[in-house]
Amino acid sequence: MSGGAELISPFETLGIVSCNPKKKAFVFLLFQVFILEGEAPAFLVNHLENGHSNGVGVKSESEITEISVDIGDRTFVIGGNHERNTFSIGVRIHDKNSNNWFSPIVLGTGPKPSKGYSASVLKQGRILVIKKGSACNDSIWFLEVDSPYVREHKKLLRKEVVAWSKGVRGNAEKPIVISGPSGVGKGTLISMLMKEFPSMFGFSVSHTTRSPRSMERDGVHYHFADKKVMEKEIEDGKFLEFASVHGNLYGTSIESVEVVTDSGKRCILDIDVQGARSVRASSLDAVFIFVCPPSMKELEDRLRARGTETEEQIQKRLRNAEAEIKEGKSSGIFGLILYNDNLQECYKKLKKLLGLDGVALVNDVEKGINLPTKHTVSKLEDKIIVQETGEETRNKVVLDLSSLNGGAPGRTRGILVEAIKF
Ligand SMILES: Nc1ncnc2c1ncn2[C@@H]1O[C@H](COP(=O)(O)OP(=O)(O)OP(=O)(O)O)[C@@H](O)[C@H]1O
Ligand SMILES: Nc1nc2c(ncn2[C@@H]2O[C@H](COP(=O)(O)O)[C@@H](O)[C@H]2O)c(=O)[nH]1
């Protein structure tokens, strides 16, 4: 698994030549902009006249529930079924000055439609959206309307942009990115780590357009993907990084990382140097490790002995390896460099680098507190008070948002939850 500078990419077939995968994703997004232009507003301004209080209003009609949030001259209308999208709730913007409606470009994966929402406007251009009646791990969401990530994309796309990010309680350990030339032993080292520490580490299952090897299983080693489907998902902002490696498309979906992190495990990514560069430029705060072979001869021997590639593919991988080793050592992407000569020695060093020689890593993920289905929401500085409604109860859940970190295109972490029962 690995790749150096690969010349052919799926984007070049579209006449787009850029080395930066992020830029390529933006170009795809630009196509979306053209599709959105000229769309008629799907509902009317007077929808907003119902139930506004403190800048947040709720409209509920049988199966349609939407919430409107005022920020300055704009109203963000979240929810409803105007997008006819069963995968993620819709977002519309009403500009009060021009009385115009916009369908913004919506980045990231948002919550699935629900029968009710509450919302609260936060600092840093974020709206907290609570899905009523959802499981605790799916109830807290953030719609970024003026965060640094959104502003960057607005500038690039010259269009209205909003971005979803799922809220996660507590903080998980930093993900680990492992790169190195094909055949150096990345997969072997990762397997050893996962075998020895199964409850501590989880593997980010990448997508690839290459064909499965005989022992590889879909969803375990890779998500084996159709090229067009994968390109569409990249276009939809679902990938943290992607790259053309040894002639195939590979990528890490945001979901793949989050599935691992949500389970309270530390996520390991096995990706090439181009991918590592993109992750480094993203909001994912990770540890970067580069694995070097003792020599090119030894690398070639390992690739041949593995017996998974044709002679032509081996030659291609070896050619790419030279550039990749050079970049891995000199680019400054990788804070840690490991030589995999003797496997057991290298594994010992890896464990030491990760602080596993004696010290146990504990993930501080709070579990088990559900938000009440029927509630009101109020804000007190950095705390959100979710007050259960009903005749008999005064139970509250307090969400402390003072240590939020992360955000779109990944999760928003650091939510501290306290239940107060009466
Ligand atoms: N230190 C080592 N000494 C000898 N053989 C090794 C060593 N480390 C790994 N190998 C062997 O080298 C081969 C390649 O290892 P592995 O598949 O883990 O590489 P990789 O870096 O994950 O490659 P790719 O990027 O192509 O997936 C395997 O057959 C593995 O058993
Ligand atoms: N940029 C990314 N590179 C990836 C990803 N998943 C794997 N890889 C790298 O591809 C090569 C080849 O892998 P192989 O399984 O075909 O031998 C290897 O260097 C991997 O590190 C990914 O999601 N993104």
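Being a predicted model, the structure only gives us computed values, none of them experimental. In each ligand, atom 1 is the first atom listed, and ligand 1 is the first ligand listed.
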Task: S182-ligand 2 polar pair, N/O distance under 3.5 Å - done: no
Task: Option nearest atom 4 (C) of ligand 1 (shortest heavy-atom distance, choices H221, R302, E345, E309) - done: R302
Task: Any N/O pair V245/ligand 2 closer than 3.5 Å - done: no
Open item on the list: I need the atoms of ligand 1 closer than 4.0 Å to a non-hydrogen atom of P181, numbered in the order shown.
Closed with: 21 (O)
What pairs of donor and acceptor atoms, side-chain ones from residues 373-382 against any protein atom, are under 3.5 angstrom apart with sequence neighbours left out?
residue : atom : partner : partner atom : Å
H375    : ND1  : P372    : O            : 2.7
H375    : NE2  : S118    : OG           : 2.5
K379    : NZ   : V121    : O            : 2.6
D382    : OD1  : K123    : NZ           : 3.3

Task: E144/R151 salt bridge by N-O under 4.0 Å criterion - done: no
Task: Close approach, D341 and ligand 1, non-hydrogen under 4.0 angstrom - done: yes
Open item on the list: Tell me the contacting part of E309 for ligand 2: side chain, backbone, both, or neither, using a 4.0 Å heavy-atom threshold, strictly below.
Closed with: neither
- [ ] Please work out which of M192, R306, K186, R213 has its closest non-hydrogen atom nearest to atom 29 (O) of ligand 1.
- [x] R306
Task: E311 CD: over 12 foreign heavy atoms closer than 6.0 Å - done: yes
TODO: Answer side chain, backbone, both or neither: which part of Q274 comes under 4.0 Å from ligand 2, heavy atoms only.
DONE: neither
Task: F242 and ligand 2 - part of the residue with a heavy-atom distance under 4.0 Å - done: neither
Open item on the list: Would E216 count as being in polar contact with ligand 2, using the rule that some N or O on each side must be under 3.5 angstrom apart?
Closed with: no
- [ ] Could you point out which residue of K155, R74, R92 forms a salt bridge (charged side-chain N to carboxylate O under 4.0 Å, His left out) with E160?
- [x] R74
- [ ] Report yes or no: does G183 have a heavy atom closer than 4.0 Å to ligand 1?
- [x] yes
Task: Per-atom contacts, ligand 1 versus R317 - under 4.0 Å to a heavy atom - done: 26 (O)
- [ ] Select one of side chain, backbone, both or neither to describe which atoms of R317 lie under 4.0 Å from any atom of ligand 2, heavy atoms only.
- [x] side chain
